Structure formats: structure tokens, C-alpha cells
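Please read the structure below before turning to the comments.
Computed from a predicted structure; not experimentally measured. Quick note: residue numbers are just sequence positions, from 1.
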Amino acid sequence: MLRAIKTTSLLRFSSLTFISRSISTLILAEHDGGTIKSQSISAVEAAKYLDDQTSISLLLAGSGPPLQQAAAHAASCHPSISQVLVADSDKFTYPLAEPWAKLVQLVQQKGQYSHIITASNSFGKNLLPRAAALLDVSPITDVINISGSSQFVRPIYAGNALCTVRYIGSNPCMLSVRSTSFPVSADSKSNEAPISQVDLSTFDEDSVGKSRYVSHTAQDTERPDLGNARVVVTGGRALKSAENFKMIEKLAEKLGAAVGATRAAVDAGFVSNDLQVGQTGKIVAPELYMAFGVSGAIQHLAGMRDSKVIVAVNKDSDAPIFQVADYGLVGDLFEVIPELSEKLPEKK
């Protein structure tokens, strides 16, 4: 009887040990201009919390020289990356969801990864659900904390509550993570990881033609990217017009800041929707967040409440934005912004 108990315990211990050692992670990475986007590097940082011994592979897809440059950057951008997988094909010239999802399915069938992680940005939100459906698993989205290989924390109710989720499904466990919750450590020097080409000989081309690339538009500006900026200046509906919104842009230029907007300002046509901050826009956590004419709707607060210092200017002293602001000024933004711009020195 004692022997049976001991044997069973040892078998269970051996099984648990094998599971912990078999943790392997695939990062679905986004690249642009020959470099890996910082949100994808944050996903690598998040993978470190799964297990100390996890093996991290980074998957890139695209075509031509930009892809090869991105692969070279990926190989040395983070010390935890053990290998870089490259899918080089004209099918991946543009990051469409259908071919990417099929690629993830193909790579997973060959690699049998325990976890698949991507950033919780437009790229990840577009790709992850489709890939999860092909692999017949339920993804866990918008993760802000990882407590182990199967326990995660994500916000609910527009960030007013945190939900702890334990994954009990089959492999792979698929996650999207908030890049602002997993900042990249300063010391990221590493030896170059090996680069391997993905075998696409069995890639099913007929299943990826349900969407097509039309065009890509981007603002020609020297301002920092909204998702990674140290300072963000945001305008709301109180600016009243696209012409008035240029006041925000000029102030941002003096501060070397990124420009943000509320959903109301975007819906009114003041600026394009790629500048929207909030639950249905971009999640930001800059060192300084300045909000002008922003009332502080719960959906907007969900996208910026993690900012280090929040400054709010609004005519309404009861505006919800003042409840989260570190510094608040009740005043007319059409008077405050010009005065502030006048006192700020020109950016060198």
C-alpha cells in the first residue's frame, strides 16, 4: 500500500516537472521599416513571467529585404529570444489576418508550443481570435499581469475591476498582452539568436484569399508614436472643430509629444481614428498625459489611467477627468492653451 502511494506520488511529481520544463512560447511579432515594433518586444518581456526556463521563439512574416532586416534586428533585440522564425512569401507582404492565422496554425502544428503571445494592439486584435479559432482554443485578451504559466490578470468593466483568469484548456494557451504593463528592461543586450526559415511548402494558399490589401495611409509627421510616447497631449470634443484641434498639435510639437483624441473628437471628424485613446482606441501610459476639453468618460479613462502624471483642463469643475488627474485646472482651454504655448520655449 505504501509503495503504491509513493509510486503514484513520484509519477505525479515527474509529470508536473515535465510540464514545467516543456513550456515553450511563440511570439507573433510585428515589424515596420526593418525593425521590430516595441509592442512585440514587450510581448517577449511578458513571456518571461510564464516560467524562468521557458523557450521563446519569435515569428516574423513578410517579404523581401525589410523582412530580412527585421529578422536581424529580432535576433539581437532581447536576450530571452532563443530563435527567430521567418516566413518569407509574397502572401505576407501585408499583415492580413487570414494568411497570418493560417501561418500560426502551420507553425503550431510543427512546433507544438505551450503558449502563443502577441501584443494587444490592432495587429494582435485582428489576428489572435482568428488563429485561436483555427486551433480550437479560447484566447485570453488584454492581459496586464502574469502569475505563472496558467494564471493571468486582465481588466474588465472598462478597467474598473480586475479579473484573475486560470487557463485550463488544451495547448496552446493564447494571450494578447498590454505593452504598457510589460515595459522592456533597459539592459537588452544579447547574443544573436539563430534565424530559421519556416517551411511553407504545405501552406494552403486557397484559404487566404478572403480579404485583400487596398491601401495604407500614415501621417507624415515627426511626432512620436502615440503608443510609446513619453508625453501625450489629448484634445476632446470641447475643441469644437478640426481647425481648433490644431492648437493641440502645435502644443504637442513644442513639447515633443504625441497627439491623442477622445472618441467624440474622432467621431466628429477633428482627427483620424488612429489618434483615439481609450477602450476602443489605443492604450497609453506615458510619463505625462495632458487632457484638454476631455470630460473623462469611462471608456477614455480605461485607455490612459495608468499614466504617471495626468494634467486636466476643463471648464466643468465636476468633469470625471478631475477624479483621476494629478493636476487639474478649471478654465477655458481656448485661453489656457495659447498662454501655455506662449510660455513654452521652442523645441530645439
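At a cut-off of 3.5 Å, with distance as the only test, a side-chain donor of N228 or S38 sits close to an acceptor on the other residue. Between the side chains of S76 and E192, no donor-acceptor pair of N or O atoms lies under 3.5 Å. S176 and T141 share no side-chain donor-acceptor pair at under 3.5 Å. In this model, a donor atom of one side chain and an acceptor atom of the other lie less than 3.5 Å apart for S120 and D142. Residues S24 and S55 bring no donor and acceptor atom of their side chains to less than 3.5 Å of each other. If you check the side chains of R166 and Q151, you find a donor sitting under 3.5 Å from an acceptor. Side-chain atoms of Y113 and T25 form no donor-acceptor pair, as typed in the model, at a separation below 3.5 Å. Judged purely by distance below 3.5 Å, without hydrogens or angles, the side chains of N171 and Q108 never pair a donor atom with an acceptor atom.
Shortest non-hydrogen contact noted between G124 and P129 is O-CD, 4.1 Å. Contact record, I36 with A70: CD1-O, 3.6 Å, taken as the closest heavy-atom pair. Minimum heavy-atom separation, P286 to A229: CB-O, 3.3 Å. Listed here is the closest heavy atom pair of A242 and G269: CB-O, 4.2 Å. Closest of all the heavy-atom pairs between Q83 and S57 is NE2-OG, 3.0 Å. Counting all heavy atoms, side chain and backbone alike, Q276 lies closest to T262 at CG-C, 4.4 Å.
With rounding to the nearest 0.5 angstrom, the CH2 atom of W100 is 11.5 Å from the CG atom of N126. Atom OG1 of residue T180 and atom CD of residue Q39 lie 10.0 Å apart, to the nearest 0.5 angstrom. With values rounded to the nearest 0.5 angstrom, I41 atom CD1 is found 4.0 Å from C77 atom SG. Expressed to the nearest 0.5 Å, how far CG of L50 lies from SG of C173 amounts to 7.5 Å. Separating the CD atom in E253 from the OG atom in S341 is a distance of 10.0 Å, to the nearest 0.5 Å. Taking OG of S89 as the reference point, atom CD of Q197 lies at 11.0 Å (rounded to 0.5 Å).
Between F92 and F203, some side-chain heavy-atom pair lies under the 4.5 Å cut-off. Residues V277 and H300 have side chains in contact (heavy-atom distance under 4.5 Å, counting atoms from C-beta outward). Counting only heavy atoms from C-beta outward, the side chains of K48 and T54 never approach each other to under 4.5 Å. Contact check for L175 versus I116: no side-chain heavy atoms found under the 4.5 Å cut-off. Under the 4.5 Å side-chain criterion, counting only non-hydrogen atoms from C-beta, L85 is in contact with V107. Contact check for R178 versus D306: side-chain heavy atoms found under the 4.5 Å cut-off. No side-chain heavy atom of S307 sits under 4.5 Å from any side-chain heavy atom of V309. Within the 4.5 Å cutoff, side-chain heavy atoms of V137 are placed close to those of P172.
A distance of 6.0 Å or more separates the ring centres of F334 and F292.
Side chain of K254 to main chain of L344: a donor-acceptor pair is present (N/O by atom type, distance under 3.5 Å, no hydrogens or angles). With hydrogens and angles ignored, the 3.5 Å screen pairs no side-chain donor or acceptor of H31 with any backbone N or O of Q69. At least one donor-acceptor pair under 3.5 Å links the side chain of S82 to the backbone N or O of I56. Judged purely by atom type and a 3.5 angstrom limit, D267 has no side-chain atom pairing as donor or acceptor with the backbone of A264. Looking at D326, its side chain does come within 3.5 Å of a backbone N or O of I310 through a donor-acceptor pair. N244 contributes a side-chain N or O that, together with a main-chain N or O of L239, makes up a donor-acceptor pair within less than 3.5 Å. A donor-acceptor pair under 3.5 Å is absent between the side-chain atoms of S179 and the main chain of S42, judged by distance alone. Between the Y167 side chain and the S170 main chain, a donor and an acceptor come within less than 3.5 Å of each other. At least one donor-acceptor pair under 3.5 Å links the side chain of S40 to the backbone N or O of E30.
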For L60 and D88, run side-chain contact (heavy atoms from CB on, under 4.5 Å): C-alpha distance rounded to whole Å, both residues' side-chain angles, the deciding distance at 0.1 Å, then the answer. CA-CA 8 Å; L60 291 173; D88 192 344; over 6 Å; no

The test is side-chain contact (heavy atoms from CB on, under 4.5 Å); show your working for M304 and V232 and say whether it passes. CA-CA 10 Å; M304 44 67 70; V232 174; over 6 Å; no

Which is it for L59 and L103 under the side-chain contact (heavy atoms from CB on, under 4.5 Å) test, yes or no, and what are the steps along the way? CA-CA 10 Å; L59 176 62; L103 174 64; 4.1 Å; yes

Stepwise side-chain contact (heavy atoms from CB on, under 4.5 Å) check, I81 with V44: CA-CA 7 Å; I81 297 175; V44 176; 3.9 Å; yes

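If you chain together hydrophobic residues whose side chains sit under 4.5 Å apart, L226 and V266 never meet in one group. Both V324 and Y289 belong to a common hydrophobic cluster when Ile, Leu, Val, Met, Phe, Trp and Tyr are linked at side-chain heavy-atom distances under 4.5 angstrom. L67 and I195 end up in the same hydrophobic cluster when Ile, Leu, Val, Met, Phe, Trp and Tyr side chains are linked at under 4.5 Å. Hydrophobic cluster membership differs between V233 and V284, with clusters built from Ile, Leu, Val, Met, Phe, Trp and Tyr side chains linked at under 4.5 angstrom. By the criterion of side-chain heavy atoms lying less than 4.5 angstrom apart, applied directly or through intervening Ile, Leu, Val, Met, Phe, Trp or Tyr residues, I298 is not grouped with I321; the two fall into different hydrophobic clusters.
Note: Y94 and Y213 have parallel aromatic rings, judged against thresholds of 30 and 60 degrees for the angle between ring planes. Classification of the F152-H115 ring pair by plane angle, with boundaries at 30° and 60°, yields perpendicular.
Shown here is E342, whose CD atom has no more than 12 heavy atoms of other residues, nucleotides or ligands within 6.0 Å. Dense packing is recorded around NZ of K110, with more than 12 heavy atoms of other residues, nucleotides or ligands lying under 6.0 Å away. Applying the 6.0 Å contact sphere to CZ of R305 captures more than 12 heavy atoms from other residues, nucleotides or ligands.
Electrostatic pairing of E98 and K102 does not count as a salt bridge here, judged by no charged N lying under 4.0 Å from a carboxylate O. The residues K308 and E287 are annotated as not salt-bridged, no charged nitrogen and carboxylate oxygen being separated by less than 4.0 angstrom.
When each of I140, I144, T164 is paired with R154, the side chain to side chain contact (heavy atoms under 4.5 Å, CB included) condition holds for I140 and for no other.
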